[in-house]
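See below for the structure under consideration.
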Amino acid sequence: MSINYLALANAGVEMLHPYQPGKPVEELERELGISNSVKLASNENPLGLSPKAKAAIERALPELARYPDANGFGLKSALASKLGVNIDQLVLGNGSNELIDLVFHTFVGAGQQVVFSQYTFIVYGMATQAHGANAVVVPAKDLGHDLDAMAAAITDQTKLVCITNPNNPTGTFLTKSELATFLAKVPKDVLVILDEAYTEYVAEDERHPSIEWLAQYPNLIVSRTFSKAYGLAGLRVGYMVAHPELISVLNRVREPFNCNSLALAAAEAALDDEAYLSEAVTLNRHEMARYEAFFDSQGLRYIKSRGNFITLDLQRNAMPVYDALLREGVIVRPIAGYGLPNCLRISIGLEHENQRCLEALTKVLA
């Protein structure tokens with residue numbers, strides 16, 4: 001007897017499709033019978049593990065038979081000290097993705113509205129659909145957020161607004177004044193997630209004081225991750241900073257032990273490894289400039305990015321170019337699923353990886 005499992009699922013699940021991550025190197029090499037491929041698809045830190053994080057993981061290995069600290073006291077204490085906040089303003093998660101979904105699960109109900117931009121992080125739309133809410137997708141402005149239009153889209157049915165800055169997958173960036181003006185317009189009973197997964201790559205003089213804004217806007221939630229600049233994508237650890245009472249409500253729903261022991265130890269150590277972070281940011285800035293210079297010399301369109309990736313606009317269907325790059329052993333990210341079928345997002349890698357990509361692009365586009 002067959003079972004219609006979709007009919008048993010919660011409303012909203014039927015129209016969902018699984019998240020498609022960047023293609024793994026092992027899968028590509030198995031499929032095409034090639035070797036020495038490079039992956040520039042998932043915005044990972046190409047430097048690998050921070051030396052301090054690696055040492056912390058080794059120290060934590062003997063205790064893996066024990067449950068982790070459910071409250072992550074060590075990591076929260078380090079974050080609180082670095083950010084200038086109280087421990088009770090922090091919640092930790094299995095990557096920032098889990099925390100974003102936790103906000104939806106805690107605060108967003110069926111029939112309510114979630115406002116976010118066109119061409120932004122795909123998880124917002126997926127979470128909205130999964131929770132039976134209504135997505136209000138605001139048309140992009142210059143491939144980024146149109147904050148005036150987003151503010152105008154808020155109604156008495158709006159429960160949550162999601163903003164990614166720098167934006168993924170386009171790399172566009174909102175200034176301090178733009179965000180401050182927007183936050184002042186949002187009703188106090190509408191929550192705002194400010195997703196800053198790539199904030200470490202932004203020049204210090206351009207960064208906005210999002211943590212300081214929390215005192216003025218108790219409906220603001222700042223989301224960050226250790227998966228990008230801190231090089232811990234494989235361990236999955238992120239955090240949110242918000243009003244203590246909001247965090248307290250999230251902790252009522254948060255799964256116990258949602259951060260494993262190695263992730264907690266590695267993140268705390270990585271936070272202290274300023275030399276590693278500085279090297280990662282410097283490498284990204286230098287290699288980003290190489291891509292921009294190449295695209296300019298070839299007359300190719302691209303989107304100026306503040307993240308650790310750059311989006312190439314081919315002005316035609318990008319899939320043939322993507323497939324041809326795969327045959328050259330270079331994995332990038334097609335982003336038709338984000339509504340940008342003519343674009344490829346390229347993560348910034350090590351110098352030799354980027355050189356390989358540029359050579360492959362030269363060959364393929366010729």
Does the side chain of Phe73 come within less than 4.5 Å of Ile87's, by heavy atoms? yes

In Thr164, Asn165, Asn43, the residue satisfying side-chain hydrogen bond (donor to acceptor under 3.5 Å, both in side chains) with Tyr198 is Asn43

Out of Asn134, Thr158, Asp156, which residue meets the side-chain hydrogen bond (donor to acceptor under 3.5 Å, both in side chains) rule with Gln113? Thr158

Just by distance, no angles: are the side chains of Tyr291 and Asn354 close enough, under 3.5 Å, to form a donor-acceptor pair? yes

Does a donor on one side chain sit under 3.5 Å from an acceptor on the other, for Ser96 and Arg224? no

Going by the angle between their ring planes, with limits at 30° and 60°, are His208 and Phe173 parallel, tilted or perpendicular? parallel

If you measure from CG on Leu232 to CG on Asn45, what distance do you get to the nearest 0.5 Å? 9.0 Å

Under 6.0 Å between ring centres: does that hold for Phe104 and Tyr124? no

For Val138 and Asp146, which heavy atoms make the closest approach, and how far apart are they? CG1-O, 4.3 Å

Would you call Lys82 and Asp272 a salt bridge, using N to O less than 4.0 angstrom? no

Contact check, side chains of Lys76 and Asp69, non-hydrogen atoms, under 4.5 Å: no

Are any of the side-chain nitrogens in Glu353 or Arg356 under 4.0 Å away from the carboxylate oxygens of its partner? no

Carboxylate-amine/guanidinium contact Lys39 Glu44, below 4.0 Å: yes

